[in-house]
Amino acid sequence: MARIDNGAWLAYPNVGDQPGAGGDAFEVRYFGNDDLSELRALRYSNDNPGFRALYMAPGESILEAEENSD
């Protein structure tokens with residue numbers, strides 16, 4: 001599992017039977033963790049059906065972040 005050490009906003013394909021079981025990992029979009037990252041990730045997910053914006057805390061995987069976001 002890949003992990004991001006500094007935390008970041010991502011948009012990832014959220015299609016599948018289980019949370020985090022989207023699709024090809026190459027489709028994950030990284031938006032960083034600056035002041036506009038959340039806005040950019042949310043806009044991207046709104047413009048691209050099947051994508052979800054998510055903040056990953058330092059050291060989390062996408063699946064862990066998905067479980068902690070609820």
Side-chain angles (χ1 to χ4, degrees):
M1 263 187 254
R3 297 178 188 272
I4 296 174
D5 293 331
N6 296 324
W9 278 94
L10 304 173
Y12 68 97
N14 189 32
V15 179
D17 295 337
Q18 300 175 10
D24 192 339
F26 289 112
E27 293 189 49
V28 174
R29 302 293 192 257
Y30 172 82
F31 293 93
N33 58 5
D34 64 21
D35 292 340
L36 296 176
S37 297
E38 179 180 10
L39 178 61
R40 289 182 184 131
L42 291 170
R43 283 183 177 167
Y44 184 88
S45 65
N46 286 337
D47 291 341
N48 293 278
F51 276 78
R52 179 175 178 167
L54 179 71
Y55 181 78
M56 286 178 43
E60 283 186 320
S61 67
I62 290 176
L63 183 56
E64 291 167 335
E66 179 72 32
E67 290 170 352
N68 293 332
S69 71
D70 294 335

Distance flag, aromatic centroids of Phe51 and Tyr12, threshold under 6.0 Å | no
Across all chains, not counting sequence neighbours, the salt bridge (Lys or Arg N to Asp or Glu O under 4.0 Å) partners of Asp34 are Arg40
inquiry  = Taking Met56 as the starting point, is it possible to reach Val28 by hopping between hydrophobic residues whose side chains are less than 4.5 Å apart?
reply    = yes
Would you say Ser37's side chain and Phe31's backbone share a donor-acceptor pair under 3.5 angstrom?
yes
In this structure, CD of Glu60 is separated from CD of Glu66 (nearest 0.5 Å) by 10.5 Å
Between Glu64 and Gly59 the two heavy atoms that sit nearest each other are OE1-O, 3.8 Å
In terms of heavy-atom contacts, Ala11 and Ala41 come closest through CB-O, 4.3 Å
Notebook entry, point to check: Going only through I, L, V, M, F, W and Y residues with side-chain contacts under 4.5 Å, is there a path from Ile62 to Tyr30?
Noted result: yes
Subject >> ILVMFWY cluster, Leu10 and Leu42 together (side-chain gap under 4.5 Å) >> reply: no
